[in-house]
2 protein chains.
Amino acid sequence: MTRWLDDDEQRAWLRLAGVMLKLSPALDSQLQRDHDLTHFDYLCLAMLSESDDRTLAMSDLAARTNASLSRLSHVVSKLERRGCVHRTPSPRSRRVTLVGLTDEGWRLLVAAAPGHVETVRSLVFEGLTREDVAALERVAGHIVDRIEESRLRTTGRDSLSG
Amino acid sequence: MTRWLDDDEQRAWLRLAGVMLKLSPALDSQLQRDHDLTHFDYLCLAMLSESDDRTLAMSDLAARTNASLSRLSHVVSKLERRGCVHRTPSPRSRRVTLVGLTDEGWRLLVAAAPGHVETVRSLVFEGLTREDVAALERVAGHIVDRIEESRLRTTGRDSLSG
DNA sequence: ACCAGACACTTGATCCTTCAACCGTTGGCG
DNA sequence: CGCCAACGGTTGAAGGATCAAGTGTCTGGT
């Protein structure tokens, strides 16, 4: 019935699980210690900083940070209390709310970026060849795409395939 | 000052972050829905099932699941309440506690394994070449190793390097 | 014009994870 | 022997993520 993983796949899977289990905490821990930020907080600020007017709709920001709207909403509330971000109702449509990076948020991002990038470099990229980096991009992209597809497959239609 | 990421690295990093952000929840969600298990719960049961006597010391299990002792302790308590696992003081040393998989835990694992493996296969391995799998193992292993090293570097000695 | 359903979000409860503090045990050293 | 630092593990509180349910808005069909 079940097609189990062969030895190569099993080893690769164990390692990938290791990355998920260890890398997130490692990034969180550095950012938390140095700037009282989660890695996800940082990602939100970073994505906003790269957008026109440093502003995005909640949905767009959620898509770019790979997060659920619910998760994002909680985090934006937190960042808003901290003065890093502000919500505005969109003039285009009354159901979208725009999130904008404040000067305070920009300053925090600028302060946090070097340490974070240094951590990423030293934990991930240091010692990788250009081919490794290319392979990483390819495989990681493949996985993200497959997850995206499967989400569409299960939320899109439920009644087919029976 | 800071050595920023070049374009290739940045794209690869964005994708890897995407994997961490999306894959864990995807695995959790399937296991949660079908068997009321976290991916981490599952990993604990799986690691125990592959050990002699289906038993490990807390520290060993923590190492194999890439978890902190604290996290593991909470989870083992939960699995214990559920009857999947039991704690025993070790006869060898009074400070280690042994965790053993119960028959109930074994049954749960056997029931959950096919669906979980199917999910992993379809989200990760389907469509990857053998070279991709090898690259994944190599790169992921590299990252885990670097994190391990850096942990030793910062917890081992604090007073040196000044 | 109307209504059903989808969309864009928000909220509160619940659960999971982390953090700091703690306890008893053990190994090493004077 | 007696001390102390490190080890192995547990706990409770605090913060983060998820889930289910809710609000208000927009759209498409009739």
Side-chain angles (χ1 to χ4, degrees), chain A residues 20-33 36-44 56-63 65-82 85 87-99 151-152 155-158, chain B residues 20-33 36-44 56-82 85 87-99 151-152 155-159:
Chain A
M20 297 193 299
L21 255 13
K22 291 190 115 93
L23 186 50
S24 299
L27 297 173
D28 279 339
S29 143
Q30 181 267 323
L31 282 167
Q32 195 75 53
R33 168 167 50 78
D36 192 27
L37 279 175
T38 299
H39 177 225
F40 182 72
D41 296 343
Y42 179 92
L43 254 189
C44 291
L56 282 174
M58 289 289 289
S59 304
D60 293 347
L61 184 53
T65 55
N66 295 296
S68 69
L69 218 29
S70 167
R71 178 180 187 178
L72 182 64
S73 182
H74 282 296
V75 167
V76 165
S77 298
K78 190 186 60 170
L79 292 174
E80 200 174 23
R81 282 196 294 280
R82 197 168 159 181
V85 121
R87 280 188 240 236
T88 329
S90 164
R92 322 275 310 253
S93 167
R94 229 170 292 199
R95 55 182 163 175
V96 351
T97 85
L98 268 23
V99 201
R151 215 184 50 74
L152 293 182
T155 57
R157 46 275 192 55
D158 267 355
Chain B
M20 297 194 298
L21 255 13
K22 288 190 117 94
L23 186 49
S24 300
L27 297 173
D28 280 340
S29 143
Q30 180 268 323
L31 282 166
Q32 196 74 54
R33 166 165 54 78
D36 192 27
L37 279 176
T38 299
H39 177 225
F40 183 72
D41 296 345
Y42 178 92
L43 254 189
C44 291
L56 281 174
M58 290 289 288
S59 306
D60 293 348
L61 184 52
R64 290 184 206 212
T65 55
N66 295 298
S68 70
L69 218 29
S70 168
R71 177 179 188 179
L72 182 63
S73 183
H74 283 296
V75 167
V76 165
S77 297
K78 190 187 60 172
L79 292 174
E80 200 174 23
R81 282 197 293 279
R82 197 170 160 180
V85 120
R87 281 188 237 236
T88 330
S90 165
R92 322 273 311 253
S93 168
R94 229 170 291 198
R95 54 181 164 178
V96 352
T97 86
L98 268 25
V99 201
R151 215 184 49 74
L152 292 182
T155 57
R157 44 275 193 49
D158 268 354
S159 44

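Protein chains get the first letters and strands the later ones, always in sequence-line order, with residue 1 at the start of each. A quick note: this is a predicted structure, and the numbers were derived from the prediction, not measured.
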Taking every non-hydrogen atom, the tightest pair across His39(B) and Asp28(B)
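In this case the closest contact between His39(B) and Asp28(B) is N-OD1, 2.8 Å.
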If you compare all heavy atoms of Thr38(A) against all heavy atoms of Lys78(A), which two are closest, and at what distance to 0.1 Å?
OG1-NZ, 4.1 Å
[N] [atom2] sits how many Å from [X] [atom1], rounded?
X        : N       : atom1 : atom2 : result
Leu37(B) : dC16(C) : CG    : P     : 10 Å
Asn66(B) : dT18(C) : CG    : P     : 12 Å
Gln32(A) : dA14(D) : CD    : P     : 15 Å

Closest-nucleotide 5' rank along DNA chain D - winner of Asp28(B) and Lys78(A)
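Between the two, 5'-proximity favours Lys78(A).
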Check every strand shown and say whether Arg92(A) touches a base, only sugar-phosphate, or nothing at a heavy-atom separation below 4.0 Å.
nothing
Base, sugar-phosphate or nothing for Arg33(B)? Non-hydrogen atoms, less than 4.0 Å.
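Since no nucleic acid heavy atom lies under 4.0 Å of Arg33(B), the category is nothing.
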Would you say that Leu61(B) contacts Leu72(B) through its side chain, given a criterion of any heavy-atom pair below 4.5 Å between the two side chains?
yes
Side chains of Ser90(B) and Thr97(B), heavy atoms from C-beta outward: is any pair under 4.5 Å?
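No, side chains not in contact.
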Record whether the side chain of Ser70(A) comes under 3.5 Å of the base of dT11(C) through a donor-acceptor pair of N or O atoms.
yes
Side chain His74(A) and base dG15(D) donor-acceptor under 3.5 Å
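No such pair is found, so the answer is no.
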Name of the residue among Leu56(A), Val76(A), Asp60(A) meeting side-chain contact (heavy atoms from CB on, under 4.5 Å) with Val99(A):
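With Val99(A) as partner, side-chain contact (heavy atoms from CB on, under 4.5 Å) holds for just one option, Val76(A).
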Output the single nucleotide from dT18(D), dG8(D), dA8(C) whose closest atom is nearest the side chain of Arg71(A).
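Nearest listed nucleotide: dT18(D).
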Closest to the Ser73(B) side chain, choosing from dT11(D), dT10(C), dT18(C):
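Nucleotide nearest to Ser73(B)'s side chain: dT11(D).
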Please enumerate all protein N or O atoms sitting under 3.5 Å from an N or O of nucleotides 21-25 of chain D, with distances to 0.1 Å.
from	atom 1	to	atom 2	distance (Å)
dT25(D)	O2	Arg95(A)	NH1	3.3

Scan side-chain atoms only and decide if Arg87(A) and Ser77(A) contain a donor-acceptor pair under the 3.5 Å cut-off.
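Short answer, yes.
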